[in-house]
Amino acid sequence: MTIYVWRHPKPLAAEGLCLGQNDMGVDPRNIKRLANQIQRFVRVHQLPKVIWVSPLQRSLAVGQVLAQRGFECHVAKDLVEINFGVWNGRPWEHIAKQEIDNWCSDFANFAPTDGESLQQLFVRVQDWLHLQSNNKTIGSNSILVVGHAGWITAATMITAAKDIPIIAADWPRPVAYNARSELAFL
């Protein structure tokens, strides 16, 4: 199975914020641009017009545009970004240094208050990937997704059989906005 996953367009006014599960708007022109890019890719590669998105606006809005163009759009809460809990939407500079240090010292297992750890994110992503690989009703060996940087990074590491990083320095740089990743998953 091949998963083609695009990172959502850049949210408005997100610079310097801890961008987790808070719902940020996106310029409608950028939503349409990504929808156009996905639509062209599907046409060129003759893929089914089925897209999976998270319920967060920066992903969902792309799926809604594609649905208006004849795509079947599935919304899955397991596709949301990592939950940073009380950090969601806060400027990084307003998060206490000690909290950041605690996260860095236990990178895989630390979760901000009301949030989830990387370990929990990896389990959530792994569960969704397995569900899709076992879903025989899809009718295709390809799945299209509009996702989030943390989710995409976790999925990339899982499909490459890499372990969860135990130190922050081992976390890869995020994929660029609107960029497509191709993941092979059995």
Side-chain angles (χ1 to χ4, degrees), residues 1-43 45 47-85 87-90 114-116 118 120-133 135 138 140 142-159 171-183 185:
M1 173 174 67
T2 303
I3 300 170
Y4 300 102
V5 57
W6 287 262
R7 185 176 179 196
H8 60 77
K10 185 176 182 178
L12 297 169
E15 199 68 38
L17 298 181
C18 175
L19 191 58
Q21 290 187 4
N22 50 313
D23 219 355
M24 305 285 295
V26 176
D27 184 323
R29 293 171 297 187
N30 292 336
I31 290 167
K32 287 181 182 175
R33 283 184 191 118
L34 181 55
N36 292 342
Q37 180 183 343
I38 294 168
Q39 190 172 15
R40 274 191 307 276
F41 183 83
V42 166
R43 186 176 55 247
H45 295 282
L47 298 172
K49 293 170 75 173
V50 179
I51 191 85
W52 288 85
V53 298
S54 93
L56 298 176
Q57 278 302 303
R58 53 195 191 264
S59 173
L60 178 64
V62 177
Q64 290 170 330
V65 168
L66 289 169
Q68 292 171 353
R69 298 175 182 180
F71 277 67
E72 184 179 318
C73 180
H74 298 279
V75 180
K77 74 176 193 174
D78 285 340
L79 296 175
V80 296
E81 181 60 283
I82 189 168
N83 184 358
F84 283 112
W87 295 2
N88 284 326
R90 290 180 53 198
D114 298 328
E116 70 183 324
L118 278 181
Q120 291 168 311
L121 171 66
F122 270 66
V123 168
R124 177 164 51 88
V125 173
Q126 180 82 42
D127 288 349
W128 190 84
L129 292 171
H130 278 299
L131 179 66
Q132 298 313 307
S133 69
N135 186 350
I138 292 174
S140 172
S142 300
I143 296 175
L144 309 174
V145 175
V146 177
H148 304 274
W151 192 96
I152 295 168
T153 300
T156 301
M157 294 181 82
I158 290 166
T159 58
W171 186 253
R173 293 188 59 78
V175 63
Y177 292 108
N178 300 325
R180 177 178 44 85
S181 299
E182 184 174 327
L183 311 174
F185 190 72

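- Not counting sequence neighbours, the partners of Val80 by the side-chain contact (heavy atoms from CB on, under 4.5 Å) test are Gln21, Ser54, Pro55, Leu56, Arg124.
- The nearest pair of heavy atoms linking Trp171 to Thr153 is CZ2-CG2, 3.4 Å.
- Taking both residues in full, the closest heavy atoms of Val50 and Phe71 are given as N-CD2, 3.9 Å, listed atom of the first, atom of the second, then distance.
- Side-chain atoms of Leu121 and Leu118, non-hydrogen and from C-beta on, do get closer than 4.5 Å to each other.
- Applying the salt bridge (charged side-chain N to carboxylate O under 4.0 Å, His left out) test to Asp27 and every residue at least two apart in sequence or in another chain returns Arg29.
- The heavy-atom pair separating Ala14 from Leu19 by the smallest distance is CB-CD2, 4.3 Å.
- In this structure, CG on Leu34 lies 15.5 Å from NZ on Lys10, to the nearest 0.5 angstrom.
- With contacts defined as side-chain heavy-atom distances shorter than 4.5 Å, the pair Pro172/Met157 qualifies.
- Heavy-atom minimum distance, Asn88 versus Phe84: OD1-N, 3.1 Å.
- Interatomic distance, Leu144 CG to His74 NE2, rounded to the nearest 0.5 Å: 10.5 Å.
- For the pair Arg7 and Glu81, the salt-bridge criterion is not met [side-chain N within less than 4.0 Å of a carboxylate O].
- In this structure a side-chain-to-backbone donor-acceptor pair under 3.5 Å is missing from Ser59 to Val53.
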>> Under the criterion side-chain contact (heavy atoms from CB on, under 4.5 Å), I'd like the reasoning laid out for Ile143 against Met1: C-alpha separation, chi angles, the key distance, then a yes or no.
In response: CA-CA 8 Å; Ile143 296 175; Met1 173 174 67; 3.2 Å; yes
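- Scanning both residues, Glu182 and Arg180, for their nearest heavy atoms gives OE1-NH1, 3.9 Å.
- Put simply, OG on Ser142 and CG on Leu47 are 5.0 Å apart, with the number rounded to the nearest 0.5 Å.
- Counting only heavy atoms from C-beta outward, the side chains of Val145 and Trp128 approach each other to under 4.5 Å.
- Contact record, Cys18 with Asn22: O-OD1, 3.8 Å, taken as the closest heavy-atom pair.
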> Would His148 and Arg58 count as a side-chain contact (heavy atoms from CB on, under 4.5 Å) if you check the C-alpha gap in whole Å, the side-chain angles of each, and the deciding distance to 0.1 Å?
Replying inline: CA-CA 9 Å; His148 304 274; Arg58 53 195 191 264; 3.4 Å; yes
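- Separation of atoms OG (Ser181) and CD1 (Ile3) is listed at 11.0 Å; rounding is to 0.5 Å.
- A donor-acceptor contact shorter than 3.5 Å is absent between the side chain of Gln57 and the backbone of Asp23.
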> Are Arg33 and Asn36 close enough, and set up right, to give a side chain to side chain donor-acceptor pair (under 3.5 Å), and what steps lead you there?
Replying inline: CA-CA 5 Å; Arg33 283 184 191 118; Asn36 292 342; over 6 Å; no
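- Between the side chain of Trp151 and the backbone N or O of Asp78 there is at least one donor-acceptor pair closer than 3.5 Å.
- Taking CD of Gln64 as the reference point, atom CD of Gln68 lies at 7.5 Å (rounded to 0.5 Å).
- Two residues are said to be in side-chain contact when any heavy atoms from C-beta on lie closer than 4.5 Å; His45 and Tyr4 fail this criterion.
- Of the possible polar contacts, one joining the Lys49 side chain to the Arg69 backbone as a donor-acceptor pair under 3.5 Å is found.
- The side-chain heavy atoms of Val125 and Leu129, taken from C-beta on, include a pair separated by under 4.5 Å.
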